Undergrad: 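First the structure, which I've put down as structure tokens, then a few questions once you've had a look.
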Amino acid sequence: MPDQQHLYLVDGSSYIFRAYHRLPPLTDPEGTPVGAVYGYTTMLWKLAEDLDKADGPTHLAVILDKDSQSFRNEIYPEYKANRPDPPEDLVPQFPLIRDATRAFSLPCIEEQGLEADDLIATYARAAQREGWNVTIVSSDKDLMQLVGEVDGPNGPARIDMLDTMKSQRIYIEEVEDKFGVKPELVGDVLALMGDSVDNIPGIYGIGPKTASKLIAEHGSLTAALDAAEYMKKSKLKERLLENRADAEMSRVLVTLKEDCDLPEPLDDFKLDGVPPEPLAAFLEKHGFTSLLRRLDAGSGSPDRPNNLNPEKAQTKGDAGTEEGNSQPLPEMPAVDRSAYETVQTMDRLLSWIERAEAAHEVAVDTETSSLDAMRAELVGVSLALGPNEACYIPLGHGGSDMFAERPEQVDREAALAALKPLLESDAVTKIFQNGKYDLNVLARYGIEVSPIEDTMIVSFALDAGRGQDGIGGGHGMDELSERHLGHTPIAFKEVCGTGKKQIPFGEVPLDKATEYAAEDADVTWRLYQHLKPRLSVEGGTRIYERVDRPLIPVVAGMEREGIKVDRARLAKLSEEFAQETARLEDEIHEAAGQEFTVGSPKQLGDILFEKLGYKGGKKGKSGQYSTDQSVLERLAGEGADIAKLVLEWRQLTKLKSTYTDALQQAINPDTGRVHTSYSLVGAQTGRLSSTDPNLQNIPIRTAIGRQIREAFVPESGNVLLAADYSQIELRLAAHMADVETLKEAFANGEDIHARTATEMFGEVTRDTRARAKTINFAILYGISRWGLAGRLEVEPDEAQEMIDTYFKRFPGIQRYIMETLETVRERGYSQTLFGRKTWFPRINSKNQAERQGSERAAINAPIQGTSADIIKRAMVRMLPALREEGLDNVRMLLQVHDELVFELPEGDVEKASPIIERVMAEAARPAVELAVPLGVEIGTGASWDAAH
DNA sequence: ACGATCACG
DNA sequence: GACGTACGTGATCGTA
């Protein structure tokens, strides 16, 4: 019996578009854009790696679109007529896709007058008739029609799909999940819903939901259309009856042609390995050096000299500044997952613990049932002592299904009791990646881990701001591993799946779980060896050891404390907001003369500027009218009542959905409190950010919003205490730019905006003070004359005069800006007073908008970042200072950039307040002696609102 | 998945 | 010669 053949058909055209949008705009050494090509190359690479695996490809071909004309255009001239031209920097990449394919020595099929989809369908069916299995590498929903299996000459022959970007196999079940019908009926669903990208009409007003419901109910498109006349009167019925012809034509358009002539016979697609030479030439030419390295490693050829910059494929606008990532990799063997041990007996566990104690350094990772550390149950722990020297200790696998057998494991209680001394031992450093999470989980099991190191935080101290717009600059483990070790760890979703079919980690079989979990510890250990030495070389030690690392357990503690919210009060507010919103919605519809979705800026824009004919509508780059607050306020000022109503409606719906509803959801059932999660690497400047829920943007500026703050309350017998730095960023600007006038004003405790008004306009009125305040902030943010003009509603010339006056009155500011920019241009990064770096890879970009954006951010970063450093230092010292004075019941709950929120017994307020104030006011010392005092304002009350 | 909008410092 | 204009975040909604 012959081995099962398996044909892979790669939908090259659709892949390149997706890769283009997902990847950064890389260019090769000659300046040709290659981002999409890079994505395509890595995908082929991955497929080629599967060559020898069970169910891997035996045959493979790449199918491309030759041109967009096909038989479909004869049926329907508008087919794909509204496709925009591909982006300019994608066009030169099309021919490179063919080069890449050739470099892998793979066949590349394209045919005049045939679309790739039809060729794929034809080949897939032909192979299936031969009894082969087929995998279509694509995520195009049209192709999902083909999924399924038939009886071939040697048993069932199946067609499935592979979405390489999501690492997802698509088989019958996945198609049914997406469309609600079997693959054979997908075409019927598509015919009803249409496709705006291909300009297939479908039936207007029918989307994916209605389409699959109709087809599932009636069994086919024809049956659904026939049934329309018996439906009860509705919009849907009308549309079905009226547009039957459109739907039927759409059905033809989405049908794949399965009987094209085959340009090449199937047997020509046979794979026999990838000859390395042409591939190496291709990778070298385009600067894909990380792949080149892997090719060398794989083929056992001698190492190339290390003069190749590992990050040669530079991103656009890269200043070519210091490349902190280009240190030679330490000598380490490649990751070998088969070397990991599954620890299933106390004996083996004790042996690992003993070795960890001897090593004085161990990487640790916990596996749990949830991403939310406050709800997560511990499922296992992994340890790593060296490269490939790692183990996984399952503690909570199986057992959720009472019929399934629970694999052999060490008893959880006993294992934790054995691990506790190690994890708490002063003599052993525990290395984590994002240790705050593990600290929280373990703390809930009674283990206070210390001392710790954290590779994520090290990476942040070294590389904050590197990478662009979140691409390639992150500090997550997978990214760090890719970047520094050239290794791709197993993705979580590969182990647990995703979406509805996601299983908890505790259900993962032990062999697979060990590969994943032990690898995480192994990678963490390797990353630490790689990153830690860079700290001292690159000047990151101070910020890491003195600020960010000690902050980890402090913030972890704050997250575990949580804050009490008054559910009943929020519910009542929700109810009020709902009623008021409904009333406003009616009024808005009345004013508009029709019903529409108020929450849709698109529909609202059309109503305001087309139907009602208001003037001055401005369309943004998306081609729709802007309807943001400033626009609506202008209209309201011109007497448009509807604009006023919409503003009110927006405020209320925002408050309800984002706060009063969401906060009730966020209450932890075990603790009865809300536990946010702070990101220690969220903001490039060094600030924290807060998620799930975000407690750093609770309303305060309006009376109606402040009601939400009233729902944040202390436990009985306690009060909330809020301590704010007053004007900290302006104070720091005064210090850093060395502005005498401002320093003096702060020293004298003056109202700084009023003082600015005096200097700028000669007198203090409500108006001049407000303008002065705007200008003060504008300067901190590196504003332009046009920006300031917009804010103050004056002409740019006048704004420029104000900026000039400001610089004249406050000499030092301009110099600060110039010097900061010069340094950043030269070094590539800015620094805070405490040495925190933020990188600006686009500071020397040739793209003006990009460059100026970086310049503004670079002016602001040292100030915002220094402020972040200071409050972080205060947080680290706060609880020890309070405990030292015997204040054991003061709890630090929240941080909001320049504010700390505490909960404490009423009786402790008097004693605690001056300590809190002192710790915050002195937080810069002794590292930095500021030329201005740091003002701290403290309030207390029976709610967060009242504490202000 | 992304843009628009709006909540905060 | 035109562009697009204040820094840093996160959540929600509608739309593609």
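Quantities reported herein were computed from a predicted structural model and do not represent experimental measurements. Below, read A as the first sequence line, B as the second, and so on, with proteins coming before strands; counting in each chain starts at 1.
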Undergrad: Heavy atoms only, 4.0 Å cut-off, all strands: where does A:Ile859 land among base, sugar-phosphate and nothing?
TA: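 If one applies the 4.0 Å heavy-atom cut-off, A:Ile859 turns out to touch nothing in the nucleic acid.
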Undergrad: Tell me: CG of A:Leu647 to C1' of B:dT5, nearest whole Å?
TA: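 In whole Å, B:dT5 C1' and A:Leu647 CG are 12 Å from each other.
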Undergrad: Take atom CD of A:Gln651 and atom P of B:dA7, then tell me their distance rounded to the nearest Å.
TA: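 Result: 6 Å.
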Undergrad: What's A:Thr774 touching, base or sugar-phosphate or nothing? Going by heavy atoms closer than 4.0 Å.
TA: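 Since a base atom lies under 4.0 Å of A:Thr774, the category is base.
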Undergrad: Could you tell me whether A:Arg785 and A:Glu801 make a salt bridge, using a distance below 4.0 angstrom between a side-chain N and a carboxylate O?
TA: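 Not counted as a salt bridge, because no side-chain N and carboxylate O are separated by less than 4.0 Å.
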Undergrad: Using the rule given for side-chain hydrogen bond (donor to acceptor under 3.5 Å, both in side chains), can you reason through A:Ser138 versus A:Asp140, listing the C-alpha separation, both sets of side-chain angles and the distance that settles it, and then say yes or no?
TA: CA-CA 6 Å; A:Ser138 173; A:Asp140 188 337; 5.1 Å; no
Undergrad: Using Watson-Crick and G-U wobble pairs whose two distances are both under 3.5 Å, how do you write the pairing of DNA chain C as dot-bracket, with | for links to another strand?
TA: ......|||||||||.
Undergrad: Considering only the P atoms, how many Å lie between B:dG9 and C:dT5, rounded to the nearest integer?
TA: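 Going atom to atom, P in each nucleotide, I get 24 Å.
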Undergrad: Say we look at B:dT5 and C:dC3: how far apart would their C1' atoms be, to the nearest angstrom?
TA: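 Roughly 24 Å separates the two C1' atoms.
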Undergrad: Please report the distance, rounded to the nearest Å, between CG in A:Leu190 and P in C:dA16.
TA: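 Rounding to the nearest Å, CG of A:Leu190 and P of C:dA16 are 18 Å apart.
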Undergrad: Not counting sequence neighbours, which residues clear side-chain contact (heavy atoms from CB on, under 4.5 Å) with A:Leu647? List them please.
TA: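 If we apply the side-chain contact (heavy atoms from CB on, under 4.5 Å) test to A:Leu647, skipping adjacent residues, the hits are A:Gln629, A:Leu632, A:Glu633.
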Undergrad: What's the CG-P distance between A:Leu652 and B:dC6, to the nearest Å?
TA: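 The distance from CG of A:Leu652 to P of B:dC6 comes to 13 Å, rounded to the nearest Å.
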Undergrad: Would you say A:Ser784 places a side-chain N or O within less than 4.0 Å of OP1 or OP2 belonging to C:dG4?
TA: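 False: A:Ser784 side-chain N/O out of range (4.0 Å or more) of C:dG4 OP1/OP2.
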Undergrad: So what does A:Arg650 touch, heavy atoms closer than 4.0 Å: a base, only the sugar-phosphate, or nothing?
TA: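 Sugar-phosphate, no base atom in range.
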Undergrad: So, under a plain 3.5 Å distance rule, would you say the side chain of A:Gln848 forms a donor-acceptor pair with the base of C:dC3?
TA: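 It does, because a donor-acceptor pair links the side chain of A:Gln848 to the base of C:dC3 below 3.5 Å.
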Undergrad: From CG of A:Leu663 over to P of B:dC8, roughly how many Å is that when rounded to an integer?
TA: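 To the nearest whole Å, that distance equals 13 Å.
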Undergrad: Just checking, is any N or O donor in the side chain of A:Trp786 or A:Gln800 under 3.5 Å from an acceptor N or O on the other one?
TA: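 No - no donor-acceptor pair under 3.5 Å links their side chains.
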Undergrad: Scan nucleotides 7-13 of chain C nucleotide by nucleotide, 5' to 3', and note B when protein non-hydrogen atoms come under 4.0 Å of the base, S if they reach only the sugar-phosphate, - if neither.
TA: BBSBBSS
Undergrad: Measure the distance from CH2 on A:Trp944 to C1' on B:dA7 and round it to the nearest whole Å.
TA: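 These atoms are roughly 12 Å apart.
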Undergrad: Between the side chains of A:Lys141 and A:Asp195, is the shortest nitrogen-to-carboxylate-oxygen separation below 4.0 Å, so that they form an ion pair?
TA: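 Looking at A:Asp195 and A:Lys141, the cut-off is met.
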Undergrad: Using the ring of each side chain (for Trp, its six-membered ring), is A:His475 parallel, tilted or perpendicular to A:Phe460, with breaks at 30° and 60°?
TA: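 Perpendicular: the ring planes of A:His475 and A:Phe460 meet at over 60°.
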Undergrad: Round to the nearest Å and state the distance from A:Trp649 atom CH2 to B:dC6 atom P.
TA: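 Going from CH2 in A:Trp649 over to P in B:dC6 covers 11 Å.
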Undergrad: Is the phosphate of B:dG9 approached by A:Arg701 (side-chain N or O, under 4.0 Å from OP1 or OP2)?
TA: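 Affirmative; the distance criterion is met.
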Undergrad: Run the salt-bridge test on A:Asp606 and A:Lys611 with the 4.0 Å N-O cut-off and return the result as yes or no.
TA: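 Between A:Lys611 and A:Asp606 there is no salt bridge, as every charged N stays at least 4.0 Å from the carboxylate O atoms.
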Undergrad: Parallel, tilted or perpendicular for A:His753 and A:Phe777, by the 30°/60° rule?
TA: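 If you compare the ring of A:His753 with that of A:Phe777, the planes turn out tilted.
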Undergrad: Applying side-chain hydrogen bond (donor to acceptor under 3.5 Å, both in side chains), run through A:Arg731 and A:Ser726 and close with a yes or a no.
TA: CA-CA 9 Å; A:Arg731 287 172 196 256; A:Ser726 115; 3.2 Å; yes
Undergrad: Quickly work out the A:Asp628 CG to C:dT5 P distance and round it to whole Å.
TA: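 The answer, rounded to whole Å, is 12 Å.
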Undergrad: Any salt bridge linking A:Arg687 with A:Glu729? Criterion: basic side-chain nitrogen under 4.0 Å from a carboxylate oxygen.
TA: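 Salt bridge: yes.
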Undergrad: Give the nucleotide from the list B:dC6, C:dT15, B:dT5 with an atom nearest to the side chain of A:Gln629.
TA: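 Given the options B:dC6, C:dT15, B:dT5, the side chain of A:Gln629 is closest to B:dC6.
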Undergrad: Under 4.0 Å, counting only non-hydrogen atoms across every strand here, what does A:Leu688 touch: a base, just sugar-phosphate, or nothing?
TA: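 No contact.
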